[in-house]
Amino acid sequence: MSACSIDETAIDLLVPAFYARVRADALLGPIFESAIDDWPHHLAKLKDFWSSVMLASGRYKGQPMPAHIRHERALSEEAFARWLAIWRETTDELLAPAVARAFQDKAGRIAESLQLGMQFHRQRSAA
């Protein structure tokens with residue numbers, strides 16, 4: 001089954017499938033397993049996040065930057081690249097091409113923003 005539009009169905013399909021792959025990944029699995037203690041709650045939060053990002057639903061109320069900064073030592077460029085590679089694979093498999101591309105473009109911008117934010121935090125902490 002593939003989702004053909006950017007909607008809650010696509011998000012409900014994508015998020016659990018993607019994070020199952022992340023959790024099984026040799027590089028990313030240990031990072032996420034050490035950071036997340038309640039996966040059902042976290043998956044619900046991630047669905048809210050993607051709903052807010054892709055559909056402007058306003059469901060997500062969190063702050064991703066502080067959450068990522070708490071784990072910044074483990075979040076290398078390699079980890080971000082691997083996250084994006086798994087994201088591309090999963091979106092390509094589960095979503096229609098235009099929908100997959102939209103999710104991939106947004107994920108790339110989010111990853112870049114998080115990396116820049118963490119770099120700024122490191123520089124500020126070192127000063």
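The figures here come from the full heavy-atom set of this structure, side chains too, leaving out hydrogens, waters and symmetry mates.
- Scanning all heavy atoms of the two residues, the minimum distance from S52 to S57 falls at N-OG, 3.4 Å.
- Here the CZ-CH2 distance, from F32 to W83, works out to 7.5 Å after rounding to the nearest 0.5 Å.
- Residues E8 and R59 are in side-chain contact: their nearest non-hydrogen atoms beyond the backbone lie under 4.5 Å apart.
- Among all heavy-atom pairs drawn from S34 and I31, the shortest one is OG-O, 2.9 Å.
- Applying the 6.0 Å contact sphere to NZ of K47 captures more than 12 heavy atoms from other residues, nucleotides or ligands.
- To the nearest 0.5 angstrom, E93 atom CD is 11.0 Å from L14 atom CG.
- In the hydrophobic clustering of ILVMFWY residues, with side-chain heavy atoms under 4.5 Å counting as a link, F120 and F80 come out apart.
- Considering all non-hydrogen atoms of both residues, A102 and I6 come closest at CB-CD1, 3.6 Å.
- Sparse packing is recorded around CD of E112, with 12 or fewer heavy atoms of other residues, nucleotides or ligands lying under 6.0 Å away.
- Between P40 and D38 there is a side-chain heavy-atom pair separated by less than 4.5 Å.
- Between the OG1 atom in T90 and the CG atom in L95 there is a gap of 9.0 Å [rounded to 0.5 Å].
- For the pair F18 and E89, the minimum side-chain heavy-atom distance is 4.5 Å or more.
- Across all their heavy atoms, L84 and A111 have their closest contact at CD1-CB, 3.9 Å.
- Ring pair W87/F103 is tilted by interplanar angle, where 30° to 60° counts as tilted.
- Residue I110 holds its CD1 atom at 8.0 Å from OG of S113, rounded to the nearest 0.5 Å.
- Note on L114: it does not cluster hydrophobically with L116, by side-chain heavy-atom contacts below 4.5 Å among ILVMFWY residues.
- Judged as a side-chain contact (heavy atoms from CB on, under 4.5 Å), and not counting sequence neighbours, the contacts of R109 are D105, K106.
- Remark: R82 CZ to E78 CD distance equals 9.5 Å, nearest 0.5 Å.
- Here the CD1 atom belonging to I86 is positioned 8.0 Å from the CG atom belonging to L27, to the nearest 0.5 angstrom.
- Between L28 and A79, the closest heavy-atom pair is CD2-O, 3.5 Å.
- Heavy atoms only, all atoms of each residue included: A100 and D92 are closest at CB-OD1, 3.9 Å.
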